[in-house]
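Notes to accompany the following structure.
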Amino acid sequence: MVKSDLRTEYLAKMKSLSAGQVEDRSQAIASQFFRNFKLSEECLHIFLSITKNNEVNTFFFINQILKEYPNVKLAVPRSDFETGEMTHIRYDLHTKLKVNRLSIPEPVEGEIIDPSCFDMVLVPMLCFDMNGYRVGYGKGFYDRFLSKCRPETKKIGLCLFPPVDAIENVEPFDIRLDAVVEPQKTHFFNR
(Lines give C-alpha, C1' and ligand atoms only; values in the text may rest on other atoms or scores of the structure.)
Protein backbone atom coordinates (compact mmCIF):
# COMPACT_ATOMS: atom_id res chain seq x y z
CA MET A 1 0.00 0.00 0.00
CA VAL A 2 1.02 3.62 -0.44
CA LYS A 3 1.68 5.96 2.48
CA SER A 4 -1.54 7.97 2.15
CA ASP A 5 -3.70 4.83 2.29
CA LEU A 6 -1.67 3.41 5.19
CA ARG A 7 -1.91 6.73 7.02
CA THR A 8 -5.71 6.73 6.72
CA GLU A 9 -6.00 3.08 7.76
CA TYR A 10 -3.66 3.32 10.76
CA LEU A 11 -5.04 6.62 12.05
CA ALA A 12 -8.44 4.87 12.15
CA LYS A 13 -6.91 1.80 13.84
CA MET A 14 -5.27 3.98 16.49
CA LYS A 15 -8.49 5.90 17.15
CA SER A 16 -10.39 2.61 17.57
CA LEU A 17 -8.15 1.54 20.48
CA SER A 18 -9.43 2.06 24.01
CA ALA A 19 -7.30 3.93 26.54
CA GLY A 20 -6.68 0.59 28.29
CA GLN A 21 -5.47 -1.04 25.07
CA VAL A 22 -3.06 1.85 24.41
CA GLU A 23 -1.70 1.60 27.97
CA ASP A 24 -1.31 -2.21 27.77
CA ARG A 25 0.44 -2.03 24.39
CA SER A 26 2.62 0.87 25.53
CA GLN A 27 3.75 -1.07 28.61
CA ALA A 28 4.52 -4.11 26.43
CA ILE A 29 6.54 -1.93 24.03
CA ALA A 30 8.48 -0.41 26.94
CA SER A 31 9.23 -3.90 28.30
CA GLN A 32 10.45 -5.03 24.85
CA PHE A 33 12.61 -1.91 24.57
CA PHE A 34 14.37 -2.29 27.93
CA ARG A 35 14.88 -6.02 27.27
CA ASN A 36 16.52 -5.40 23.88
CA PHE A 37 18.45 -2.13 24.33
CA LYS A 38 21.01 -1.52 27.04
CA LEU A 39 21.38 2.09 28.11
CA SER A 40 24.44 3.54 29.82
CA GLU A 41 25.45 7.14 29.15
CA GLU A 42 23.53 7.87 25.97
CA CYS A 43 22.02 11.11 24.87
CA LEU A 44 18.51 9.98 23.95
CA HIS A 45 15.73 11.80 22.09
CA ILE A 46 12.17 10.70 22.88
CA PHE A 47 8.89 12.09 21.60
CA LEU A 48 6.05 13.08 23.92
CA SER A 49 2.80 11.27 23.10
CA ILE A 50 -0.25 12.92 21.59
CA THR A 51 -2.81 11.37 23.95
CA LYS A 52 -5.85 12.24 21.81
CA ASN A 53 -4.26 10.34 18.89
CA ASN A 54 -3.68 7.22 21.02
CA GLU A 55 0.08 7.28 20.44
CA VAL A 56 2.45 5.02 22.38
CA ASN A 57 2.63 6.39 25.92
CA THR A 58 6.29 7.35 26.17
CA PHE A 59 6.08 8.24 29.85
CA PHE A 60 6.58 4.51 30.56
CA PHE A 61 10.04 4.98 28.98
CA ILE A 62 10.74 8.42 30.42
CA ASN A 63 9.88 7.47 34.00
CA GLN A 64 11.99 4.30 33.91
CA ILE A 65 14.96 6.10 32.34
CA LEU A 66 14.83 8.90 34.90
CA LYS A 67 14.59 6.36 37.74
CA GLU A 68 17.05 3.67 36.62
CA TYR A 69 19.45 5.35 34.18
CA PRO A 70 20.66 8.62 35.76
CA ASN A 71 23.56 8.91 33.27
CA VAL A 72 21.22 9.05 30.25
CA LYS A 73 20.58 12.58 29.01
CA LEU A 74 16.97 12.84 27.78
CA ALA A 75 15.67 15.38 25.29
CA VAL A 76 12.17 15.98 23.89
CA PRO A 77 11.10 17.95 20.81
CA ARG A 78 9.49 21.34 20.39
CA SER A 79 8.06 21.83 16.89
CA ASP A 80 8.14 24.94 14.70
CA PHE A 81 5.26 24.57 12.25
CA GLU A 82 6.45 27.51 10.15
CA THR A 83 9.83 25.95 9.35
CA GLY A 84 8.97 22.24 9.78
CA GLU A 85 11.93 21.88 12.15
CA MET A 86 12.19 20.64 15.73
CA THR A 87 14.27 21.99 18.60
CA HIS A 88 15.39 19.38 21.14
CA ILE A 89 15.15 20.40 24.79
CA ARG A 90 16.76 18.62 27.75
CA TYR A 91 14.09 16.85 29.84
CA ASP A 92 14.12 16.06 33.56
CA LEU A 93 11.66 15.85 36.45
CA HIS A 94 11.45 19.66 36.64
CA THR A 95 10.69 20.31 32.95
CA LYS A 96 7.49 22.31 32.51
CA LEU A 97 5.33 21.22 29.59
CA LYS A 98 2.58 22.97 27.68
CA VAL A 99 0.33 21.55 24.97
CA ASN A 100 0.71 23.17 21.53
CA ARG A 101 -2.03 23.82 18.97
CA LEU A 102 -1.87 20.20 17.72
CA SER A 103 -2.21 18.77 21.26
CA ILE A 104 1.47 17.84 21.45
CA PRO A 105 3.05 18.37 24.88
CA GLU A 106 6.25 20.42 24.57
CA PRO A 107 8.83 21.84 26.98
CA VAL A 108 8.39 25.51 27.78
CA GLU A 109 12.14 26.12 28.11
CA GLY A 110 15.42 24.37 28.77
CA GLU A 111 18.84 23.47 27.44
CA ILE A 112 18.88 22.94 23.68
CA ILE A 113 20.55 19.73 22.46
CA ASP A 114 22.00 19.62 18.94
CA PRO A 115 20.87 16.67 16.74
CA SER A 116 24.50 15.60 16.33
CA CYS A 117 24.65 14.78 20.06
CA PHE A 118 22.06 12.00 20.01
CA ASP A 119 23.15 8.39 20.37
CA MET A 120 19.58 7.09 20.10
CA VAL A 121 16.28 8.52 18.83
CA LEU A 122 12.91 6.97 19.67
CA VAL A 123 10.69 7.71 16.70
CA PRO A 124 6.87 7.97 16.56
CA MET A 125 4.91 6.37 13.73
CA LEU A 126 1.56 5.15 12.56
CA CYS A 127 2.94 1.98 10.96
CA PHE A 128 6.11 0.49 9.47
CA ASP A 129 7.15 -2.14 6.98
CA MET A 130 9.44 -5.17 6.97
CA ASN A 131 12.22 -3.07 5.41
CA GLY A 132 12.42 -0.59 8.31
CA TYR A 133 10.53 2.30 6.72
CA ARG A 134 7.78 4.13 8.58
CA VAL A 135 4.64 6.10 7.92
CA GLY A 136 4.21 9.15 10.13
CA TYR A 137 1.75 12.01 9.96
CA GLY A 138 3.25 13.26 6.70
CA LYS A 139 4.83 16.54 7.79
CA GLY A 140 8.44 15.31 7.51
CA PHE A 141 9.59 16.56 10.93
CA TYR A 142 11.39 13.33 11.82
CA ASP A 143 12.95 12.72 8.40
CA ARG A 144 14.46 16.24 8.52
CA PHE A 145 15.64 15.73 12.11
CA LEU A 146 17.10 12.23 11.53
CA SER A 147 19.03 13.48 8.49
CA LYS A 148 20.93 15.81 10.89
CA CYS A 149 21.88 13.05 13.33
CA ARG A 150 25.19 11.19 13.12
CA PRO A 151 25.14 8.10 10.85
CA GLU A 152 25.72 5.83 13.88
CA THR A 153 22.77 7.27 15.84
CA LYS A 154 20.37 4.39 16.58
CA LYS A 155 16.93 5.13 15.15
CA ILE A 156 14.34 3.07 17.04
CA GLY A 157 10.66 3.24 16.11
CA LEU A 158 7.84 2.63 18.59
CA CYS A 159 4.65 1.21 17.09
CA LEU A 160 1.37 -0.09 18.48
CA PHE A 161 0.91 -2.53 15.57
CA PRO A 162 2.87 -5.27 13.76
CA PRO A 163 4.51 -4.40 10.42
CA VAL A 164 2.95 -4.31 6.97
CA ASP A 165 4.80 -6.14 4.19
CA ALA A 166 5.99 -3.08 2.28
CA ILE A 167 5.36 0.64 1.85
CA GLU A 168 5.12 1.01 -1.91
CA ASN A 169 6.16 4.66 -2.29
CA VAL A 170 9.33 5.02 -0.21
CA GLU A 171 11.16 8.25 -1.16
CA PRO A 172 14.95 8.83 -1.26
CA PHE A 173 14.67 11.21 1.73
CA ASP A 174 12.86 8.61 3.89
CA ILE A 175 15.17 7.47 6.69
CA ARG A 176 15.33 3.75 7.33
CA LEU A 177 15.09 2.76 11.00
CA ASP A 178 17.54 0.47 12.78
CA ALA A 179 14.75 -1.23 14.73
CA VAL A 180 11.06 -0.98 15.57
CA VAL A 181 9.59 -2.10 18.87
CA GLU A 182 5.97 -3.25 18.85
CA PRO A 183 4.09 -5.01 21.66
CA GLN A 184 4.96 -8.58 20.59
CA LYS A 185 8.42 -8.24 19.09
CA THR A 186 11.42 -6.07 18.32
CA HIS A 187 12.25 -5.95 14.60
CA PHE A 188 15.88 -5.23 13.68
CA PHE A 189 16.96 -3.72 10.37
CA ASN A 190 20.34 -2.47 9.07
CA ARG A 191 22.21 -5.39 10.70
Exercise for the section: Please list, chain by chain and in numerical order, all residues satisfying side chain to side chain donor-acceptor pair (under 3.5 Å) with Ser16, sequence neighbours excluded. Expected result: none
Problem - side chain to side chain donor-acceptor pair (under 3.5 Å) involving Gln64 - partner list, sequence neighbours excluded - result: Glu68
Handout entry: Spatial distance of atom NE2 (His88) from atom CZ (Arg78) [nearest 0.5 Å]
Key = 11.0 Å
Completion exercise
Tyr142 meets the ring pair (Phe, Tyr, Trp, His ring centres under 6.0 Å) criterion, sequence neighbours left out, with His45, Phe145
Exercise for the section: Kindly work out whether a path of hydrophobic side-chain contacts (I/L/V/M/F/W/Y, heavy atoms less than 4.5 Å apart) joins Phe173 to Ile167. Expected result: no
Fill in the blank from the handout: dist Leu66:CG -> Asp92:CG (nearest 0.5 Å) comes out at 7.5 Å
Handout entry: Check: Phe81 ring centroid to Phe141 ring centroid under 6.0 Å
Key = yes
Problem - Atom pair CD/CG of Glu106 and Leu48 - distance to nearest 0.5 Å - result: 8.5 Å
Problem - Check: Pro163 and Asp129 side chains under 4.5 Å, non-hydrogen atoms - result: no
Problem - ring pair (Phe, Tyr, Trp, His ring centres under 6.0 Å) partners for Phe37, two or more places apart - result: Phe33, Phe188
Problem - Side chains of Ile65 and Phe34 in contact at under 4.5 Å (non-hydrogen atoms) - result: yes
Problem - ring pair (Phe, Tyr, Trp, His ring centres under 6.0 Å) against Phe60, all qualifying residues, sequence neighbours excluded - result: none
Practice task
Looking only at non-hydrogen atoms, find the nearest pair between Phe47 and Val56 and report the distance.
Solution key: CE1-O, 4.1 Å
Problem - Partner residues of Arg150 under the side chain to side chain donor-acceptor pair (under 3.5 Å) criterion, sequence neighbours left out - result: Asp119, Glu152
Exercise for the section: Please name all residues satisfying side chain to side chain contact (heavy atoms under 4.5 Å, CB included) with Lys73, sequence neighbours left out, ordered by chain then number. Expected result: Cys43, Arg90, Glu111, Ile113
Handout entry: Sequence neighbours excluded - salt bridge (charged side-chain N to carboxylate O under 4.0 Å, His left out) pairs with any residue from residues 19-33
Key = none
Problem - Gap between atom CZ of Phe118 and atom CD of Glu42 - 0.5 Å precision - result: 12.5 Å
Handout entry: By side chain to side chain donor-acceptor pair (under 3.5 Å) - contacts of Glu168 (at least two apart)
Key = none
Practice task
For Ile62 and Tyr91, run side-chain contact (heavy atoms from CB on, under 4.5 Å): C-alpha distance rounded to whole Å, both residues' side-chain angles, the deciding distance at 0.1 Å, then the answer.
Solution key: CA-CA 9 Å; Ile62 291 168; Tyr91 184 92; 3.5 Å; yes
Practice task
Please say whether more than 12 non-hydrogen atoms of neighbouring residues, nucleotides or ligands are located less than 6.0 Å from NZ in Lys98.
Solution key: no
Practice task
Check whether more than 12 heavy atoms from other residues, nucleotides or ligands sit under 6.0 Å from atom CD of Gln184, and answer yes or no.
Solution key: no
Problem - Single-linkage hydrophobic cluster Val99~Phe59, side-chain heavy atoms < 4.5 angstrom - result: no
Problem - Remaining members of the apolar cluster that contains Ile112, side-chain heavy atoms under 4.5 Å - result: Ile89
Practice task
Provide the full list of salt bridge (charged side-chain N to carboxylate O under 4.0 Å, His left out) pairs with a residue in residues 155-165, sequence neighbours left out, each pair given once.
Solution key: Lys155-Asp178
Exercise for the section: Hey, could you give me the CG/CD distance between Leu6 and Glu9, rounded to the nearest 0.5 Å? Expected result: 6.5 Å
Practice task
Answer whether the closest heavy-atom distance between the side chains of Leu44 and Leu122 falls below 4.5 Å.
Solution key: yes
Problem - Sequence-distant partners of Phe128, ring pair (Phe, Tyr, Trp, His ring centres under 6.0 Å), two or more places apart - result: His187
Handout entry: Test log, rule side-chain contact (heavy atoms from CB on, under 4.5 Å), inputs Met125 and Val180
Key = CA-CA 10 Å; Met125 65 182 59; Val180 175; 4.0 Å; yes
Exercise for the section: Go through the steps to decide whether Asp174 and Lys3 satisfy the test side-chain contact (heavy atoms from CB on, under 4.5 Å), and finish with yes or no. Expected result: CA-CA 12 Å; Asp174 289 338; Lys3 289 180 198 172; 2.6 Å; yes
